[in-house]
Amino acid sequence: MTHDELQELLPAYALDALPEAEETEMRAHLESCPSCSALLGEHLETAGRLALAAAPAVPSPDLRARVLAEAVRTGQVVPAAPAPARRLPWGRVAGLVSAAALAVLGAFSLAAFDRVQDLERRSDEQRRVLAVLVAPSGTFAMAPTGELPGAGGQVFIGPDGRSAAVIVTGLPDPGEEVYQLWLIRDGRPVPLGAVDPEGGAAAVYVPAGLRPGETMAVTREPNAGNTAPRGPVVLQVV
Amino acid sequence: MTGKVESAQEEDRELLLGVARGDRTAFARLYDRYAAATLGLALKICGSRTLAEDVVQEAFLSIWRRPASYRQERGTVAAYLFGAVHNKAVDAIRHEESLRRREQAFSDAPAESGGDEVVEAAWLAVRRDQVRAALERLSDVQREALQLAYFEGLTYSEVAGKLGIPLGTAKTRLRDGMIRLRNILSETAGSPP
């Protein structure tokens with residue numbers, strides 16, 4: 001199968017819905033394709049959420065005893081040398097992200113991306129941001145409004161066109177207020193979550209692409225959790 | 001709720017690190033956190049309590065045996081756990097030999113989950129409500145395809161056969177359904193994707 005055909009089957013693979021031969025081929029492909037591996041992670045998370053649609057069942061005390069007893073009897077297969085929890089040098093990460101992303105990231109203070117470099121402690125959010133930056137399919141610049149002339153940003157669209165990483169810079173501490181990201185679709189704003197800058201910069205993962213006619217903006221809101229923007233726009237896609 | 005979810009996920013990672021160090025208390029705590037939810041999933045797929053308990057046991061043991069096969073960059077511990085249980089449950093209902101075990105198990109124990117109230121973490125219960133509501137917002141054909149594949153353990157080609165639709169259509173319904181489900185779950189206020 002071609003790479004694109006395999007990528008189309010990632011959701012089915014996450015659902016354990018591939019016939020055996022295709023499953024084997026997919027497993028082999030994932031060993032050498034980091035972008036498919038990252039995309040698979042998304043679908044595995046969705047499948048994990050789907051699992052909860054089943055009603056919980058009371059396990060018998062007997063089951064607990066059997067499981068724990070077997071652990072006592074069973075050995076473990078662990079790597080010979082445990083991976084040390086250290087921070088990667090910036091150069092290692094630079095090898096993973098595309099040149100376009102790197103140009104924007106280079107404008108940041110590295111402090112903002114320190115957590116991204118520490119693979120041992122990387123949060124789900126930043127893992128998803130990196131997955132987009134590794135193989136973006138497109139990018140859009142964000143320009144500041146008069147509100148915060150020093151701000152800047154870039155939207156990177158993920159490899160499947162249905163996810164994005166939004167990188168912003170030059171955002172001063174909003175104090176009691178909150179920066180919020182919006183998708184403007186059919187003229188209506190859709191909240192995409194808060195933007196929380198550290199050292200003036202932030203990276204937000206968004207599970208949506210940018211279709212023609214849509215745009216994104218960052219506003220500074222008086223409070224969190226608004227369903228429509230009330231504060232001024234500070235950044236928008238040009 | 002976001003904070004509770006994040007701290008639960010952080011705790012899960014710590015527990016799995018403990019399992020990787022051979023800490024049986026950490027393993028027991030991980031079991032206690034997810035036993036009811038994973039058994040519920042296995043029961044829904046396998047239909048028999050005996051088979052479902054076997055599946056849960058095998059899944060947890062595989063995590064004990066190979067803790068390093070969890071990769072943090074691939075996702076949360078919960079997704080990994082449910083994935084292991086789901087994979088073994090689907091295996092159990094697919095293979096000939098297991099079919100025989102299943103028939104035997106059916107005659108041993110009824111499928112109902114028991115009348116006792118399940119005690120589980122609030123954040124899991126909220127996630128349950130969220131995904132059930134999200135499923136209702138999928139198109140009928142997407143929801144149907146997901147249910148056949150995920151809860152009845154059909155491959156996408158078996159889904160196509162059962163519904164009398166082309167292979168491509170089955171693949172598309174599953175893919176679009178999963179993407180839509182992911183998007184809806186992320187839209188839910190205060191809930192991380």
Side-chain angles (χ1 to χ4, degrees), chain A residues 8-12 14-19 37-38 40-60 62-64 66-68 70-72 74-79 82 119-120 122-125 127-128 130 160 162 190-191 193 205-208 225 227, chain B residues 20 22 24 27-28 31 35-37 39-41 43-44 53 56-57 60-61 64-68 72-76 78-79 82-83 86-87 90 113-114 116 118 120 124 127-128 131-132 135 146 149-151 153-157 159 171 174-175 178-179 181-183 185-186 189 192-193:
Chain A
E8 293 276 299
L9 285 176
L10 283 173
L15 294 166
D16 292 315
L18 287 191
S37 207
L40 175 65
E42 312 241 350
H43 292 305
L44 287 172
E45 282 305 305
T46 309
R49 301 289 292 263
L50 190 50
L52 285 170
V58 179
S60 60
D62 189 52
L63 175 61
R64 187 180 194 273
R66 286 201 311 269
V67 171
L68 299 187
E70 214 179 314
V72 169
T74 309
Q76 293 179 297
V77 176
V78 283
L119 289 176
E120 296 299 309
R122 199 191 302 159
S123 73
D124 293 342
E125 172 90 6
R127 175 181 55 78
R128 288 183 170 94
L130 256 194
D160 65 353
R162 295 167 202 261
V190 176
Y205 171 81
V206 166
T227 51
Chain B
R24 285 187 210 111
F27 180 64
Y31 171 84
L39 184 62
L41 175 66
L43 195 55
K44 188 173 172 89
E53 291 205 346
V56 168
Q57 186 176 339
F60 273 94
L61 258 306
W64 168 260
R65 233 177 281 121
R66 288 178 187 278
Q72 192 172 320
E73 65 273 16
R74 276 260 189 105
T76 58
F82 286 122
H86 185 267
N87 187 263
V90 158
S113 58
D116 300 341
V118 177
E120 69 173 355
L124 273 178
R127 284 273 172 108
R128 174 162 296 114
V131 74
R132 286 174 170 175
L135 279 169
L146 282 184
Y150 191 74
F151 291 111
L154 300 187
T155 64
Y156 76 89
S157 42
V159 171
K171 272 194 261 191
L174 285 176
R175 182 170 160 270
M178 282 289 272
I179 289 171
L181 191 60
R182 180 187 73 195
N183 290 344
L185 289 172
S186 312

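Each chain gets a letter, A, B and so on, in the order its sequence line appears, and its residues count up from 1.
- For the pair B/Arg175 (side chain) and A/Ala12 (backbone), a donor-acceptor distance under 3.5 Å is absent.
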Could you walk me through whether A/Leu44 and B/Phe82 pass side chain to side chain contact (heavy atoms under 4.5 Å, CB included), step by step?
CA-CA 9 Å; A/Leu44 287 172; B/Phe82 286 122; over 6 Å; no
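- Interface remark: B/Arg24 contributes side-chain atoms only to the contact with chain A (heavy atom separation under 4.5 Å).
- In terms of heavy-atom pairs under 4.5 angstrom with chain A, the leader among B/Phe60, B/Phe27, B/Tyr31 is B/Tyr31.
- For B/Leu61, the part lying under 4.5 angstrom from a heavy atom of chain A is the side chain only.
- For B/Leu135, the part lying under 4.5 angstrom from a heavy atom of chain A is the side chain only.
- Proximity of B/Arg132 to A/Leu52: side-chain heavy atoms (C-beta onward) are nowhere separated by under 4.5 Å.
- Among the candidates B/Val90, B/Asn183, B/Leu146, the residue making the largest number of heavy-atom pairs closer than 4.5 Å to chain A is B/Asn183.
- Contact of B/Val56 with chain A is made through the side chain alone, with heavy-atom distances under 4.5 Å.
- Interface residue B/Glu53: backbone and side-chain heavy atoms are both found under 4.5 Å from chain A.
- To the nearest 0.5 Å, atoms CD (A/Glu8) and NZ (B/Lys171) are separated by 7.5 Å.
- When all heavy atoms of A/Gln76 and B/Pro67 are compared, the pair lying nearest together is NE2-CG, 4.0 Å.
- Atoms CE and CD, on B/Met178 and A/Glu45 in that order, are 10.5 Å from each other to the nearest 0.5 Å.
- With chain A as the partner, the residue from B/Gly83, B/Ser157, B/Gly153, B/Ala28 showing the most heavy-atom pairs under 4.5 Å is B/Ala28.
- Expressed to the nearest 0.5 Å, how far NE2 of A/His43 lies from CG of B/Leu174 amounts to 11.0 Å.
- Contacts of B/Ala35 with chain A are made by both backbone and side-chain atoms, with heavy-atom separations under 4.5 Å.
- At most 12 non-hydrogen atoms from other residues, nucleotides or ligands lie less than 6.0 angstrom from CZ of B/Arg66.
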